[in-house]
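Have a look at the structure below, then the notes.
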Amino acid sequence: MLRSGACARSACSRSLHEERTKDLEFFFQYLVAGITYGTIYAIVAIGFNIIYNATGIINFAQGEFVMLGGMTAVTLHRFMPLPAAILGAVVLTTIVGAIIEIAFIRWLRRPSVLRMIVITIALSILIRETALHIWGESVRSLPYFTGSSMTSFQWGGVYVSPQILWVIGIGVFVVAALGAFFNLTMLGRQMRACSANRDAARLCGINAGNMVTLSFMISAAIGALGGCIICPITYVQYDSGTPLAIKGFTVAILGGLGNSTAAVGAGMILGILESFSIWVLPAAYKEVIAISILLLILFVRPSGIFGSAEAARLKDF
Amino acid sequence: MREPASPVSIGSHDYERKEEKMRKYIGVVLGALIASLISGAFARAAEPIRIGAIFAVTGPASFLGAPEAKTLEMLVAETNRKGGVLGRKIDLIIKDSGASPEKAVSFAKQLIEEDKVFAIIGPSTSGETMKIKGIAEQGKTILLSCAAAEEIVNPVAKWVFKTPQKDSDAVIKIFQEMKRMKISRIGVLSGNDGFGNAGKGQIEKLAPQYGITIAANEVYDAKASDLTAEVTKIKAADVQAIINWSVVPAQAIVIKNARQIGIKVPIFQSHGFGNIKYVQAAGAAAEGVMFPAGRLLVADVLPKSNPQRELLIRYKKNYMSFCSGEECSTFGGHAYDAYTILLKAIGQAKSTDKEAVRTAIEHLKGFVGTGGIFNFSPTDHNGLNVDAFEMLTVKNGKFALLKK
């Protein structure tokens, strides 16, 4: 913010210049903060989109996958190096995702949207309470992948934690890998076919049930991976999944449900909005600003910023 | 969690009103007969003293409630093993409020009206305590709160006491330290919960008395995942020190983000930082953070002459073995103090007459607890002053006394 100097221009042109540089530095610092928020939201939102794409339902237990990934990795890290712990956490959470689908979702015939919402919310409570019993209520975290909690890269007066770069890098990789999987591989195309029209897909010899299980496994894996890489920044606790899921869900809706690239874009928009709202307004209004803008966008574009209105009309919700 | 099932009592009041009067009389007479028979048969076995507890064992304040509940379970087991107090065992009923004031209200009513408890320990949070203050007053039941806010005992309510140190004293302790370090321009960050709000109010109220200017004053979401933007705002205000007042995990994120964006000024935390898990979570960034706290966290390095030392070391050791290796936090200590104060008062009153025990608590002097040396009086239902705090810092990932 520019503070208009009370002094004569000639006398303090230098300090004015300094002030401008400072403001520019702060601008970029807020931008970095916004990108950090955005990436965290986006990586959670992607998980929502995968299950939505395969089944047309919102998995409200997605935040719990993120929490499970982080928690498991922290526990495994006691016995093995970090990469192995993360891999182990992703594998274990993927198995949990598969078990959940097989035990609670698979045997339902044409469940209504409302029923699925109730089931997944119940599942999220179940996982959360189980985690409370296993790990207790204390907060945990993984070490920073590079450096420590104080390390940061510095450009002028702008500081960036290396962990953010890890999150962005892995986020980009996940989106690219998903794009390739759904567009280039047979399995990915089969999953998309199931989501477009389950009966037609079945007639083509695709095992629709297995595709749904697979979608739960992929979104559990991505949730867990996200949970591991954001854990050093956000920490993890048995109930840390829910607030992340709320933000992730918001971002998924904002971008247009089902579109992972759009989720990244929407995540950035929400994150940067939140961050800059703090620059000009008291920080306490952050959520109000973010949610008001979300509402506004949804009034104008109900299918999300990047969503297509025509495609939205063909979906259940 | 480990919530013991509350005993269900079926009394004559459970009969429906529509029943005939005669049947009611027969019921009462029969009941009285049976009761007299039972009491005659077991006249020797004294009835246990029933104590209720309302803690946020689960939910957002579980880091308070869980150690409190465990501490109480441990202490009650110990008392009963030793034969109880006044020859009577203690019957403990713990209710898990999940930090919800509504639940605390219904549990308080249930404990007073149905379970007819002798006293209530808890709740864990200030918000809950303020909601049930009136219920304890009406029910004439001793309430020993484990929550921090000063408003719980100021103004004084006849039946309401609290064991944690006052937040105003914590603020004073910080300001005294700042004055010593010649700091006059600060930034304040506080969590958007009851603890954060109460602390923020005290900071704003007391700052002028110590000649301190608050250059930036921001509130952050207790559930935030990253707070870089918030600390950037503090950085822009160009302050000499930061006070970060919160009791939730997000406070550790603040420290980390502040150091990451190159803020090098001292960071002061509230006594809500007294949980080693937060230090572990913040890692290297937590080094040098200063905060006021009870002496429990530094029991091992206290001078031998300190009157609290022996008690603190014993509590630490017992808690660790009771909770299979879990480190104790100051929060469990609040429940420890509440329980031992109550037992001491019962011992001094030599009865379980509520009024007599209440008066006994009001006259306790020099009582050594985990939170400090308690000196109660009819006008002071907390009994602690600023000396209950010690200024601590983080050194090599551990709590240490701040060297002056």
Side-chain angles (χ1 to χ4, degrees), chain A residues 1 22-23 25-26 29-37 40-41 44 129 132-133 136-141 143-144 147-152 154 157-161 163-164 230 232-240 242-244 246-247 271 274-279 282-287, chain B residues 1 56-67 70 189-190 192 216-236 238 248-253 255-263 275-278 280-287 323 326-327 329:
Chain A
M1 280 177 291
K22 265 243 153 98
D23 276 335
E25 277 171 8
F26 283 125
Q29 192 65 67
Y30 281 112
L31 192 66
V32 167
I35 291 172
T36 311
Y37 302 158
I40 294 170
Y41 301 159
V44 182
E129 295 301 313
L132 177 64
H133 275 269
E137 76 292 343
S138 56
V139 52
R140 285 144 209 267
S141 75
Y144 274 67
S148 76
S149 59
M150 288 179 76
T151 322
S152 50
Q154 187 184 350
V158 185
Y159 297 80
V160 185
S161 163
Q163 192 66 28
I164 307 299
I230 66 171
I233 304 175
T234 64
Y235 307 143
V236 61
Q237 209 180 357
Y238 76 97
D239 64 348
S240 61
T242 319
L244 283 173
I246 292 171
K247 279 292 160 63
E274 281 189 2
S275 172
F276 279 99
S277 80
I278 290 173
W279 196 4
Y285 295 126
K286 180 167 108 174
E287 305 290 317
Chain B
M1 290 196 73
V57 183
T58 57
S62 55
F63 58 92
L64 300 171
K70 285 176 202 160
L189 282 161
S190 52
N192 66 344
N217 197 350
E218 296 293 332
V219 175
Y220 58 85
D221 185 16
K223 280 282 163 206
S225 45
D226 186 272
L227 293 158
T228 308
E230 281 84 347
V231 292
T232 305
K233 198 159 185 185
I234 296 286
K235 192 183 180 188
D238 200 20
V248 291
Q251 63 177 320
I253 299 179
I255 304 173
K256 213 175 50 174
N257 290 156
R259 295 301 183 222
Q260 276 165 2
I261 66 159
I263 296 180
N275 184 336
I276 198 74
K277 298 274 179 199
Y278 294 156
Q280 286 160 0
E287 286 296 306
C323 302
E326 190 187 299
E327 290 244 17
S329 66

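So you know, we letter chains A, B, ... as the sequences are listed, proteins then strands, and number each from 1. Worth saying up front: this structure is predicted, and the values here are computed from it rather than measured.
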[X] side chain to [Y] backbone, donor-acceptor under 3.5 Å:
X	Y	answer
B/Lys256	A/Pro232	yes
A/Tyr37	B/Ala229	yes
A/Tyr235	B/Ala281	yes

Heavy-atom closest contact ([X] atom, [Y] atom, distance):
X	Y	answer
B/Gln260	A/Tyr159	O-CB, 3.1 Å
A/Ala284	B/Glu218	N-OE1, 4.4 Å
A/Ala283	B/Glu230	CB-CG, 3.8 Å
A/Phe26	B/Thr232	CD2-CG2, 3.6 Å
B/Pro249	A/Gln237	CG-OE1, 3.5 Å

From [X] [atom1] over to [Y] [atom2], what is the distance, rounded to the nearest 0.5 angstrom?
X	Y	atom1	atom2	result
B/Gln280	A/Arg140	CD	CZ	9.5 Å
A/Gln29	B/Lys235	CD	NZ	5.5 Å
A/Ile35	B/Thr228	CD1	OG1	11.5 Å
A/Ser141	B/Ile253	OG	CD1	10.0 Å

If I measure from the heavy atoms of chain B, does [X] come under 4.5 Å with its side chain, its backbone, both, or neither?
X	answer
A/Glu25	neither
A/Ser240	neither
A/Pro243	side chain
A/Thr36	side chain
A/Tyr238	side chain
A/Ser149	both

Which atoms of [X] come close to chain A, meaning under 4.5 Å heavy atom to heavy atom: side chain ones, backbone ones, both, or neither?
X	value
B/Asp221	side chain
B/Ala258	neither
B/Ala216	neither

Counterpart residues, side-chain contact (heavy atoms from CB on, under 4.5 Å), relative to A/Thr234 (two or more places apart): A/Ile40, A/Ile230, B/Ser225
With B/Lys223, the side chain to side chain contact (heavy atoms under 4.5 Å, CB included) member among A/Thr242, A/Ile246, A/Asp239, A/Leu244: A/Asp239
Sub-4.5 Å side-chain heavy-atom contact between B/Lys233 and A/Tyr30: yes
